[in-house]
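Owing to the predicted nature of the structure, the values given are computational and were not obtained by experimental measurement.
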Amino acid sequence: MSQCGQILSEIKKAVVGKDDVIALVLMSVLARGHILLEDIPGVGKTTLALALSRAVSLTYGRVQFTPDVLPSDVTGYSLYNKATGAMEYQPGAIMCNLFLADELNRATSRTQSALLEAMEEGQVTVDGVSHPLPRPFLVIATQNPTGAAGTQLLPDSQMDRFTVRLSMGYPSSQAELALLQRRRGGINLLEQIQPVLTPAQLEELRGQVDQVHISDPVLSYLVALVGATRTNGDLLRGGSPRATLALAAMARAAAFLQGRDYVLPRDVGPIFLPVVAHRLLLRPEAESAGVQLEFVLRNILHTVPAPRVT
C-alpha cells in the first residue's frame with residue numbers, strides 16, 4: 001500500500017464512514033493548504049484533526065476559541081528576562097505542525113486576524129520580530145454553522161486563505177453502529193492509530209505533489225471555471241486568483257492520490273465545490289429567490305467545456 005493509502009487507512013480507524021472527507025483533507029495537506037470544517041458539534045471534526053496528527057507524527061496545538069481568547073494566546077508574547085535584561089519570546093499555541101483552531105468563529109475579529117500571517121507566510125510577528133513556524137505547518141479550523149449562538153462571520157480575507165471548506169455531516173446508521181462497536185469496552189480509537197510518516201517525509205511528499213504536471217489546456221480550464229464565477233449573474237463576488245491557485249494545487253494532489261504525475265480534467269470536478277464555494281457571495285436577490293450556491297457551481301461545471309486530455 002502507498003504511503004498515502006496507509007495514512008487514509010489509519011485515519012479511518014477513528015473516523016468512520018467519512019472516506020470522501022478524509023481524502024479531501026489529505027489532498028489539502030499535500031497541497032500545502034489549510035482546512036475549514038464547518039458543522040454542528042459532535043460529528044468528529046476534532047477527532048479527524050487528531051487522527052491526522054497522529055498518522056503523520058505532527059506536533060499538535062489547539063485553542064478552544066471564545067470571546068476572551070487573546071491574539072497572544074495564539075501567537076505568543078514577549079517576556080522580560082531579569083537575568084539577561086532582554087525580552088524573550090514565549091511561544092504561543094500556534095508553534096506546532098498542526099494547529100487546531102476550534103470554533104474559530106466564536107473568537108473576536110482581532111483574535112481571528114492573528115492567524116492570517118501564519119496561514120499565508122508560515123510565521124508570526126510579535127513585537128516586531130518574526131518567528132518562523134515549524135514545517136510542515138497547517139491550520140484546521142472548525143466553526144459552527146453561521147447563526148449559532150455566540151458566533152460571528154469570519155472575515156472574507158480569512159475565508160479566502162482556507163484551501164477547502166468541508167462538512168462532516170451526520171454519519172449513516174451503519175457507520176454510527178460501526179463506531180459504537182469499535183468503542184466497546186471504552187476503547188480509545190485514536191490510540192489505535194499508528195504513525196505512517198515523519199514530518200520530513202510529509203514534506204517530501206508535498207514536494208512530489210508540486211511536481212505533478214498540469215498541461216496548458218487543463219490550466220486554461222481551471223482559469224475558465226473560476227472566471228465563470230466572476231461573470232455569473234447570481235454571484236455578487238466570484239473567486240479570487242487565490243482560488244485558482246488553490247484549485248490547481250488540489251488538482252495536483254487529487255492526481256497524486258490516483259497514482260498519476262499529471263492532472264486530468266476529471267480530477268477537477270470533485271474538488272471544485274470544496275475549494276471555491278466558501279469564497280463566493282450570492283447576490284441578495286438570488287438568495288431571496290432561493291438560489292443555492294451549490295446549484296450555481298454545478299451549473300458552471302456543466303457549462304464550462306472540459307478539454308479533451310488523455
Is there a side-chain contact between [X] and [Y], using heavy atoms and a 4.5 Å cut-off?
| X | Y | answer |
| --- | --- | --- |
| Q158 | L104 | yes |
| R54 | Q194 | no |
| P195 | V56 | no |
| L247 | M250 | no |
| P265 | V218 | yes |
| F256 | L205 | yes |
| V164 | I35 | yes |
| L58 | P199 | yes |

Is there a path of hydrophobic side-chain contacts, each under 4.5 Å between heavy atoms of I/L/V/M/F/W/Y residues, joining [Y] to [X]?
| X | Y | value |
| --- | --- | --- |
| L273 | L245 | no |
| Y262 | Y221 | yes |
| V16 | M168 | no |

Between [X] and [Y] (side chain of the first, backbone of the second, donor and acceptor by atom type, cut-off under 3.5 Å), is there such a pair?
| X | Y | answer |
| --- | --- | --- |
| N97 | T59 | yes |
| H34 | V139 | yes |
| R279 | M159 | no |

Decide if atom [atom1] of [X] counts as having more than 12 heavy atoms of other residues, nucleotides or ligands within a radius under 6.0 Å.
| X | atom1 | answer |
| --- | --- | --- |
| R135 | CZ | no |
| R183 | CZ | no |
| Q64 | CD | yes |
| N299 | CG | yes |

Nearest 0.5 Å, please: how far is [atom2] in [Y] from [atom1] in [X]?
| X | Y | atom1 | atom2 | result |
| --- | --- | --- | --- | --- |
| H278 | D160 | NE2 | CG | 7.0 Å |
| L301 | L225 | CG | CG | 6.0 Å |
| L166 | L48 | CG | CG | 8.5 Å |
| N81 | E88 | CG | CD | 4.0 Å |
| L52 | L202 | CG | CG | 8.5 Å |

query = Between R252 and D210, is a salt bridge (charged side-chain N to carboxylate O under 4.0 Å, His left out) present by the stated rule, with each step listed?
reply = CA-CA 7 Å; R252 288 188 176 96; D210 292 339; over 6 Å; no
task = List the steps and the verdict of ring pair (Phe, Tyr, Trp, His ring centres under 6.0 Å) for Y89 and H131.
result = CA-CA 9 Å; Y89 173 62; H131 304 275; 3.7 Å; yes
Considering all heavy atoms of both residues, which atom of [X] and which atom of [Y] are nearest to each other, and what is their separation?
| X | Y | answer |
| --- | --- | --- |
| A23 | L8 | CA-CD2, 4.0 Å |
| A55 | E10 | CB-CB, 4.1 Å |
| L197 | I7 | CD1-CD1, 3.5 Å |
| F137 | A118 | CE2-O, 3.6 Å |
| M95 | V124 | CE-CG2, 3.8 Å |

key: Salt-bridge criterion met for D39 and K45 (N-O under 4.0 Å)   = no
ask   = How does the hydrophobic cluster around M87 look, that is, which other residues are in it when side-chain heavy atoms under 4.5 Å mark a link?
value = Y80
task = Tell me, with the steps shown, if D156 and R237 meet salt bridge (charged side-chain N to carboxylate O under 4.0 Å, His left out).
result = CA-CA 11 Å; D156 295 341; R237 183 180 65 232; 3.0 Å; yes
query = Are D19 and K12 close enough, and set up right, to give a salt bridge (charged side-chain N to carboxylate O under 4.0 Å, His left out), and what steps lead you there?
reply = CA-CA 7 Å; D19 293 4; K12 289 174 187 177; 3.8 Å; yes
query = What class does the angle between the rings of F65 and F99 fall in, given that below 30° is parallel, 30 to 60° is tilted and above 60° is perpendicular?
reply = perpendicular
request  = Tell me, please, which residues at least two apart from E121 pass salt bridge (Lys or Arg N to Asp or Glu O under 4.0 Å).
outcome  = none
inquiry  = Suppose we screen for side chain to side chain donor-acceptor pair (under 3.5 Å). Which residues come up paired with T125, at least two apart in sequence or across chains?
reply    = E117, S130
Salt bridge (charged side-chain N to carboxylate O under 4.0 Å, His left out) evaluation trace for R283 with E287 = CA-CA 6 Å; R283 291 188 180 277; E287 194 169 6; over 6 Å; no
